[in-house]
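Step one of this worksheet: look at the structure below.
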Amino acid sequence: MAEHRPCTARNETPLQRADRNFVELLQELRVTQTGVQILFAFLLSLAFTSRFGDLDTVQRVTYVITLLLAVLAAALFTAPAALHRSLFRQGAKPRIVQVSSRLATTGLSVLVFAFSGSVLLVVDVTTGRTGGIAAGVATFLVCVGLWGVLPRLVRRAGLHGERKGAEEAAGEDPQGAGIRVPAPLRRTVRQPSGVRGAAAHREASTRHR
C-alpha cells in the first residue's frame, strides 16, 4: 500500500513518478538520438567517397575510433527502450528508470568523444593536422561545458536561491504571525516586554555582582 501513497511535491505515487520520469527520459533520448543518427550516417557514407583512399594512417585510425564511438553511443541511447520492452509489466519501472538514466549519461559521455573525433577528422582532412586537433579540442570543451559544467552551475544557483529564501524566512515575526521583516529593520523590531524584562533583570544582577 505504501507504493500507492502520494510521496512527492507533485502529489504522485512512486509508480506515477517513475512513469513521468521515464517519459521525460524518452523525450531527452529523442533529441540525442537525432544527433547520433546524423553523425553515424555521415561516418558510414564517408568510407565510400573517392577521397577516403587518400587518408593517412592517423586519419584512418581516427575514423575507425569515431565510428565505433558513434555505434556505442547509439547502442546506449537505444538500450532503455530494449530494457523497457524486456521488463514490460513486471513491476520494475523504478529500476528501469534508474538504469536507463545511467545508460543515457554514459551515452552522452561517449557522444562527446564521437563529436570531437568527427570534427577532428574533417578539419584535419580539409585544413591540416594542427587545425584538426584545435577544432577537436574546442568541440570537446564546448560539449563538456554545455553538458557538464552548465548543469552544475544551474544547480548551484538554485541551491544559493534556496539558502537565500531560508535566510529571508528567518526574519519572520518572532511571534509566528508569518510577517517577514526586511533585513535593515530586523534590529529595530522591538522584543516582547517579557523578553526585555528578563534581559534587564540579568543586566542589573550582573552590575550588582
Side-chain angles (χ1 to χ4, degrees), residues 1-46 61-121 136-167 169:
M1 296 299 293
E3 294 183 355
H4 301 282
R5 186 179 304 169
C7 62
T8 64
R10 296 175 180 263
N11 196 27
E12 56 188 2
T13 64
L15 292 179
Q16 291 174 340
R17 182 183 183 183
D19 291 336
R20 176 177 59 82
N21 290 340
F22 191 70
V23 171
E24 294 176 353
L25 178 62
L26 291 180
Q27 295 293 337
E28 297 171 359
L29 292 178
R30 288 190 180 97
V31 176
T32 54
Q33 283 177 350
T34 302
V36 174
Q37 290 172 357
I38 295 175
L39 176 62
F40 187 57
F42 163 74
L43 292 174
L44 287 179
S45 62
L46 185 63
V61 172
T62 302
Y63 170 78
V64 173
I65 294 177
T66 303
L67 178 64
L68 295 178
L69 289 174
V71 173
L72 179 58
L76 290 170
F77 287 140
T78 55
L83 183 64
H84 179 266
R85 179 49 47 194
S86 300
L87 300 178
F88 185 64
R89 290 185 177 181
Q90 297 187 18
K93 180 61 71 65
R95 187 62 177 174
I96 292 175
V97 173
Q98 183 180 7
V99 176
S100 298
S101 178
R102 295 177 179 177
L103 291 172
T105 302
T106 306
L108 287 175
S109 301
V110 175
L111 189 59
V112 170
F113 292 97
F115 279 166
S116 302
S118 61
V119 173
L120 169 62
L121 177 62
V137 172
T139 303
F140 178 82
L141 294 177
V142 169
C143 292
V144 170
L146 293 177
W147 299 355
V149 178
L150 181 60
R152 294 179 182 272
L153 294 178
V154 173
R155 180 182 180 183
R156 183 178 300 178
L159 294 176
H160 178 71
E162 292 178 358
R163 288 196 299 267
K164 185 177 180 180
E167 292 176 357

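Remember, predicted model here, so these are calculated numbers, not experimental data.
Gln33 places no side-chain N or O within 3.5 Å of a backbone atom of Arg30 that could act as its donor or acceptor partner.
Between His84 and Ile96, the shortest heavy-atom distance links the atoms CA-CD1, 4.1 Å. Between Gly35 and Phe115, the shortest heavy-atom distance links the atoms O-CE2, 4.4 Å. Here the closest non-hydrogen pair linking Ser101 and Leu25 is N-CD2, 3.9 Å. Residues Phe113 and Ser109 approach most closely at CD1-O, 3.2 Å, considering heavy atoms. Pairing each heavy atom of Gly117 with each of Thr62, the nearest pair is O-CG2, 3.7 Å. Scanning all heavy atoms of the two residues, the minimum distance from Leu108 to Trp147 falls at O-CZ3, 3.6 Å.
In this structure, Phe77 CZ and Leu72 CG are separated by 9.5 Å, a value rounded to the nearest 0.5 Å. To the nearest 0.5 angstrom, Lys93 atom NZ is 8.5 Å from Leu15 atom CG. We find the CG-CZ distance between Leu150 and Arg155 to be 14.0 Å, quoted to the nearest 0.5 Å. Put simply, CG on Leu111 and OG1 on Thr106 are 12.5 Å apart, with the number rounded to the nearest 0.5 Å.
Proximity of Ser100 to Leu83: side-chain heavy atoms (C-beta onward) are separated by under 4.5 Å at one or more points. Residues Arg102 and Thr105 have side chains not in contact (no heavy-atom distance under 4.5 Å, counting atoms from C-beta outward). Between Arg17 and Asn21 there is a side-chain heavy-atom pair separated by less than 4.5 Å. The shortest side-chain heavy-atom distance between Arg20 and Glu24 falls under the 4.5 Å cut-off.
Qualifying side chain to side chain contact (heavy atoms under 4.5 Å, CB included) partners for Ala81, counting only residues two or more places apart in sequence or in other chains: none. Scanning for side chain to side chain donor-acceptor pair (under 3.5 Å) contacts around Arg95 gives Gln98, with sequence neighbours left out. For Phe40, there are no ring pair (Phe, Tyr, Trp, His ring centres under 6.0 Å) partners two or more places apart in sequence or in a different chain. Residues passing the side chain to side chain donor-acceptor pair (under 3.5 Å) test with Glu28: none are found, sequence neighbours excluded. The side chain to side chain contact (heavy atoms under 4.5 Å, CB included) search around Leu43 returns Leu39, Tyr63, Thr66, Leu67, Ala70, not counting sequence neighbours. Take Ser116 and apply the side chain to side chain contact (heavy atoms under 4.5 Å, CB included) test, not counting sequence neighbours, and it matches Val112, Thr139, Phe140.
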